[in-house]
Structures are given as C-alpha cells and as structure tokens.
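Worksheet: one structure, shown below.
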Amino acid sequence: MLGQIANYCPIISRNTIIKNSTSINSIWQSIRLHYGFQSTGGHFLDFNSIFLEPDERPEDLFQRLASFIEDNMLRAGGNIHHHGEVPEADEELSPSLENLIVLTWLRLINRDLPNLVKQRYGTELRSKTLASLKPEISQALDSLLDEIHSATDAKVLRASIKDKHFDRSAKKTGSIRTGRQIKCCILCKQAGRPSQHFLSTCKYLPDEDKQYMSRVRQSYCTEVGDSESEDNVDNEQVSFLNDNVGPSKLRVVSALRRVSTKQSPYFKAFYKHFPLELTLDTGAEVSMIKASSADYIGVTIKKSNHSALQADGVTPLNIVGECHFTLSRDGIELQLEALVVNDLDVDILAGIPFMSSNDIAIFPSKHKIVIRDKVTVMYGSPNEELNSSNTRVRRTQAFLIRAPSASSVVWPGCYGEYDIPSEIESDCILAVEPHTDASRTKDWPSPQIAQSVAGKIRIVNNTSVPQFIQRNEHFCRVRLTTTIDNAPEAPDNIRDIKNNKLHRLHTYFPIFQTSLCRPR
C-alpha cells in the first residue's frame with residue numbers, strides 16, 4: 001500500500017513514504033510540508049488573506065472558505081495543541097462555525113450585504129440559522145447586490161464659484177471683471193439735481209463722509225493687493241462699491257474676496273486618437289464623464305443602477321449610464337470607470353477610484369501630478385510661466401513632423417502616433433497640414449486642428465486608401481494656432497475643440513475602428 005502511495009506521489013522520496021513514515025498522518029504531513037501548506041497554528045491566519053477575486057463567482061469563494069476551515073480543523077493525534085492538550089477526537093464543523101463562514105462570505109462579497117440579509121430574511125432568522133438559509137441567499141444574491149448598488153449614492157464634492165462679479169476666466173486667473181458701471185449719485189437723484197457722478201465725488205457730500213470713504217477705499221485696495229489673487233481693481237470699481245454698498249457691507253465684500261481660488265489639477269490623455277482632459281477631484285467618490293463627450297469619442301455606454309449627488313447631499317445628478325475604457329499617456333495605460341452624466345462642466349471628472357487604481361498623486365503647492373512614480377505632469381500657472389519663458393515660437397513658424405525610424409502603413413480609419421519637436425510645448429493645440437516638395441506630392445494628412453499630448457500627436461487616415469510612410473520621411477508640418485505672448489484662453493473641453501473645426505473631420509470622413517499603425 002505504501003508503495004502504491006509512493007507511485008502516486010513521485011515528488012516525495014520513496015524512502016520517506018515506505019521506510020520513514022509511521023502513519024498515514026505522517027505521510028500527509030510530509031506532502032503538506034513539501035507544498036507549503038502544512039497544518040500549523042499559524043496557517044490559520046492565512047484565512048485573513050482570502051478575498052473575492054475579480055473574475056471569481058461568489059459560490060467559488062464560499063467553497064474556498066469552507067475548504068480552508070475544514071482543512072484547519074484539529075485532528076486527533078495531531079501535532080497542534082489546544083490549551084496545552086491534544087484533542088482526543090477529530091474536530092467537527094459546528095453550527096456556529098458554519099454561521100461564521102457564511103457571515104464572512106457575505107462580508108467579502110459586499111460589506112453592506114450582511115445588514116441587507118438581516119433585514120430581508122429577518123422573519124426566517126427568528127427560527128433558523130444563517131447557514132441553513134445559505135442556499136436561498138445564493139439564489140437571490142444578484143438581486144440583493146443590485147439593491148445595494150441602487151441605494152448607494154456617490155457624492156461629488158465639486159464646487160464652482162458663481163458670482164455676478166466673476167466670469168469663467170476669473171476662476172482660473174482670479175481676476176475681477178471690471179466693466180464700467182453707471183455713474184449715479186443717490187443724494188442728487190433724490191434731490192432732483194444732475195446725478196451723473198459718483199457719490200464719493202459729490203460736492204454736497206460732507207467732508208467727514210468723504211474722508212471716511214477714502215479710508216475705506218484705501219483699506220480695500222490694500223487688502224486686495226495683499227491677497228494671493230491677481231485682482232485688478234480700479235477707482236471706478238471701488239467707487240461703485242462705495243455708492244451701492246453701505247460701509248458695513250463693504251467690509252463683508254472685501255473679506256469675502258480674500259478667499260483665494262485655485263484651479264483643479266488636470267492633465268490630458270489619449271483615448272484612441274481623441275485627446276481628453278481629465279480634471280482630478282479628490283472629493284469625488286466616483287468618476288464621471290460628460291454624456292456629449294462620451295458620444296463624441298464613441299465609447300460603449302451601459303445601463304447603470306448607480307446614483308450620484310452633489311456636494312449638498314440632496315441635489316441628484318442626471319445619470320445616463322456607465323462606461324469602462326482605457327486611456328494612455330506617455331506609454332502608461334489608465335483604466336477609467338465612470339458614470340455618464342448630462343450636466344458636467346468638464347470632459348472627465350476623475351475621482352478617488354480613478355486616482356487609487358492608477359496610482360496618481362497630486363501636489364497642489366507645486367502644481368504637479370505624478371502618475372505611478374514614473375510620469376510627472378505640471379499644470380496651472382507655474383507650467384505656463386515656464387513655457388512662456390523658455391519657449392518663444394512665432395505664429396508663422398512651422399515645424400516638420402518626421403516619421404519613425406521604421407517604415408509604416410496607416411490603414412484607412414487607423415491612426416499613427418508621432419513625436420512633435422521639442423521646441424513646442426508638450427500639450428498644445430496645433431495646426432496640421434501636409435508637407436509637399438519635389439519628392440512628395442501626397443495630400444495626406446489633410447489640414448486639421450489637433451491636440452498634442454505629452455509631446456505626441458495622433459493623426460487619423462481619413463482617406464479611403466492606405467498611406468505608406470517611408471522611414472524618416474517628413475510628411476507633414478505643424479504650427480501653433482496662436483502666439484504664446486498673446487494667447488487666448490484654451491478651450492475648456494473637447495467639445496470646444498470640436499467646434500473649432502475638428503468636427504469637420506468627423507462629419508466629412510467616416511472614422512472606422514482605430515488602432516496604432518503597424519511597421520511594414
């Protein structure tokens with residue numbers, strides 16, 4: 001018999017089984033010792049390492065839990081002591097231990113599942129154990145999880161400043177819109193005299209009031225100048241405040257405007273050939289994408305039972321569905337799971353789940369984003385100052401784009417990825433046109449506006465024939481769409497870029513399923 005066991009276990013020495021073994025138990029211990037799952041008191045602690053795997057069925061998880069517990073039960077004559085004694089009989093699976101296995105199983109599937117089971121099966125649990133209801137719970141598991149997901153509200157802690165004295169650009173630069181106000185003196189207007197002047201300049205105003213207004217105006221301008229914002233306040237703006245706001249309220253306005261605003265961290269990434277801007281929000285419990293942007297890039301939108309609330313915890317967001325897709329930047333793939341919403345002021349709002357799964361760290365004081373400790377992206381004013389100081393590119397200056405060192409073919413509907421010159425900012429909007437000379441007469445790529453991401457640009461073959469790119473061929477020219485010294489505000493999202501003639505590509509040329517061009 002021992003020889004037959006040794007034949008079925010050739011990995012163990014035959015002498016260990018035939019000559020050195022004293023019992024079947026010792027043979028099992030030798031096999032366990034070889035494979036690293038011997039019965040010890042410390043092996044039971046590995047129970048804490050059991051989790052639901054991504055593609056694992058809940059029933060498989062339960063079988064793993066039950067098998068682990070049964071394998072670690074005490075055996076008579078074993079080498080594990082309990083309170084200084086060796087059990088005289090094999091340990092049996094008690095009802096309480098079965099209940100504990102089922103409870104652990106429910107908790108590993110979803111932490112809210114035990115409470116829902118207690119509520120749903122409260123009547124049956126009065127006279128039955130939890131383990132005896134396990135078959136019924138297994139059959140209703142999908143509906144229980146759907147109920148949990150529909151009841152869980154993800155909060156988006158994103159707030160934007162909306163004030164009649166601020167416009168959209170004020171959120172980014174901190175500047176006040178200083179439009180000219182209508183001059184009107186309240187005292188002269190009530191008295192029927194000409195009132196086309198400010199109250200602070202009225203000759204009928206007592207000297208004491210003029211002095212008081214002068215002190216308030218000086219204090220207000222000093223406070224605004226000392227703040228971190230770059231507010232530009234002229235005398236007409238302050239006079240308007242003096243004339244239309246009382247002295248006590250004026251102090252409140254001045255104090256409120258000392259609250260600084262900073263732009264949210266953001267960076268750009270590619271989805272196929274579409275450049276997308278991701279706004280990072282550490283207060284969002286879920287990631288979201290604007291419905292119009294999701295339709296434009298062609299991602300698959302699935303139905304979703306999730307719901308999301310604004311930061312006030314009351315106002316719901318209009319959820320269209322959910323989508324799952326992969327972005328890329330600097331050769332790093334970024335997995336995004338996002339809810340599709342109708343009302344969103346950015347293309348993609350990347351919340352904590354996105355930053356956690358892709359290992360993204362934010363350093364607001366340095367205006368820096370670090371992706372997986374490999375890629376550093378600068379955003380905001382420091383990056384803009386750096387680019388404006390180190391890069392001076394004329395609007396009429398054009399740069400040639402050279403093909404990679406290997407020849408390649410870009411098939412219709414596919415795209416090629418190419419490096420832009422180092423003199424150009426890594427993330428910028430470029431005008432692309434074909435390069436023609438005596439040796440090249442092709443009209444591809446067609447004139448278009450494109451967004452570069454991390455120093456790379458992706459150009460789609462929107463023709464009906466394959467485009468052959470020779471080795472190191474200069475096949476197109478790019479130039480900045482605006483000058484750096486007098487550049488207007490960049491488009492807020494890809495819909496604005498689309499309206500800036502990118503939509504002509506999508507309208508006039510059918511875009512098929514895209515993929516990177518392959519070397520010939």
Side-chain angles (χ1 to χ4, degrees), residues 4-5 7-12 23-82 86-87 89-152 305 324 335 337 353 357:
Q4 194 71 8
I5 294 176
N7 292 336
Y8 280 99
C9 189
I11 197 68
I12 304 296
S23 63
I24 295 295
N25 236 357
S26 66
I27 296 176
W28 279 117
Q29 288 301 323
S30 299
I31 297 175
R32 289 174 179 273
L33 182 63
H34 176 78
Y35 286 102
F37 55 89
Q38 64 273 19
S39 297
T40 63
H43 181 56
F44 187 80
L45 297 176
D46 293 337
F47 187 73
N48 191 48
S49 302
I50 299 179
F51 296 99
L52 179 64
E53 301 296 334
D55 297 328
E56 186 179 22
R57 296 172 55 250
E59 191 61 32
D60 295 337
L61 174 64
F62 178 80
Q63 295 301 328
R64 280 204 296 140
L65 293 171
S67 299
F68 186 91
I69 293 297
E70 292 173 359
D71 189 55
N72 282 272
M73 293 177 122
L74 298 179
R75 299 287 186 265
N79 58 348
I80 301 179
H81 295 71
H82 181 65
V86 177
D90 292 344
E91 184 182 8
E92 298 292 339
L93 193 63
S94 64
S96 297
L97 195 55
E98 290 185 35
N99 290 336
L100 186 61
I101 294 174
V102 176
L103 176 61
T104 305
W105 174 62
L106 295 175
R107 209 164 50 211
L108 290 178
I109 295 175
N110 192 295
R111 62 182 182 180
D112 297 327
L113 194 55
N115 291 332
L116 182 59
V117 169
K118 181 180 178 181
Q119 178 183 358
R120 179 69 64 85
Y121 297 94
T123 305
E124 291 87 343
L125 288 174
R126 293 179 182 176
S127 57
K128 295 181 181 180
T129 63
L130 179 62
S132 60
L133 292 177
K134 192 264 173 185
E136 300 179 19
I137 297 175
S138 296
Q139 294 180 359
L141 194 58
D142 291 338
S143 61
L144 293 174
L145 292 175
D146 289 341
E147 184 175 346
I148 291 176
H149 292 158
S150 62
T152 302
N305 294 325
H324 306 259
Q335 304 295 331
E337 300 176 355
S357 60

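Worth knowing before you read on, the calculation uses all heavy atoms, side chains too, and leaves out hydrogens, waters and symmetry mates.
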In chain order, what residues pass the salt bridge (Lys or Arg N to Asp or Glu O under 4.0 Å) check against Glu136, with sequence neighbours excluded?
none
What distance separates His34 NE2 from Ile31 CD1, expressed to the nearest 0.5 Å?
9.5 Å
Those residues that, when tested against Asp142, pass side-chain hydrogen bond (donor to acceptor under 3.5 Å, both in side chains) (two or more places apart)
none
His324: side-chain contact (heavy atoms from CB on, under 4.5 Å) partners, not counting sequence neighbours:
Glu322, Glu337
With Glu124 via salt bridge (Lys or Arg N to Asp or Glu O under 4.0 Å) - residues at least two apart
none
Does some side-chain heavy atom of Leu133 sit less than 4.5 Å from a side-chain heavy atom of Val117?
no
Indicate the atoms forming the closest heavy-atom contact of Ile109 with Leu52, along with that distance.
CA-CD2, 4.3 Å
Should Ile24 and Ile5 count as side-chain neighbours, where that means a heavy-atom distance under 4.5 Å?
yes
Could you name each residue pair satisfying ring-ring contact (aromatic ring centres under 6.0 Å, His included) that touches residues 96-144, not counting sequence neighbours?
Phe62-Trp105
In chain order, what residues pass the side-chain hydrogen bond (donor to acceptor under 3.5 Å, both in side chains) check against Arg107, with sequence neighbours excluded?
none
Nearest-0.5 Å distance, CZ of residue Arg57 to CG of residue Leu141:
10.5 Å
Could you tell me the separation between the CD atom of Gln4 and the CG atom of Asn7, rounded to the nearest 0.5 Å?
5.5 Å
Nearest 0.5 Å please: distance from the CE atom of Met73 over to the CD1 atom of Ile80.
12.5 Å
Closest non-hydrogen atom pair between Ile12 and Ser30, with its separation:
CD1-O, 4.2 Å
Sequence neighbours excluded - salt bridge (charged side-chain N to carboxylate O under 4.0 Å, His left out) pairs with any residue from residues 44-56:
Glu56-Arg64
With sequence neighbours left out, the residues meeting side-chain hydrogen bond (donor to acceptor under 3.5 Å, both in side chains) with Ser132 are Thr129
Gap between atom CD1 of Ile148 and atom CG of Leu116 - 0.5 Å precision
5.0 Å
Go through the structure and list residues passing ring pair (Phe, Tyr, Trp, His ring centres under 6.0 Å) with Phe47, not counting sequence neighbours.
Phe68
Hits for side-chain hydrogen bond (donor to acceptor under 3.5 Å, both in side chains) against Lys128, two or more places apart or cross-chain, chain-then-number order -> none
Give every donor-acceptor pair under 3.5 Å between a side-chain atom in residues 90-104 and any protein atom, sequence neighbours left out.
from: Asp90; atom 1: OD1; to: Ala76; atom 2: N; distance (Å): 2.8
from: Glu91; atom 1: OE1; to: Leu74; atom 2: N; distance (Å): 3.0
from: Ser94; atom 1: OG; to: Leu97; atom 2: N; distance (Å): 3.3
from: Asn99; atom 1: OD1; to: Leu130; atom 2: N; distance (Å): 3.4
from: Asn99; atom 1: OD1; to: Ala131; atom 2: N; distance (Å): 2.9
from: Asn99; atom 1: ND2; to: Pro95; atom 2: O; distance (Å): 3.4
from: Thr104; atom 1: OG1; to: Leu100; atom 2: O; distance (Å): 2.8

Taken to the nearest 0.5 Å, the spacing of Asp112 CG from Leu106 CG works out to 12.0 Å
Could you check whether atom CG of Asn48 has more than 12 heavy atoms from other residues, nucleotides or ligands sitting under 6.0 Å from it?
no
Run the side-chain contact (heavy atoms from CB on, under 4.5 Å) test against Ser23 and tell me which residues pass, sequence neighbours left out.
Asn25, Ser26
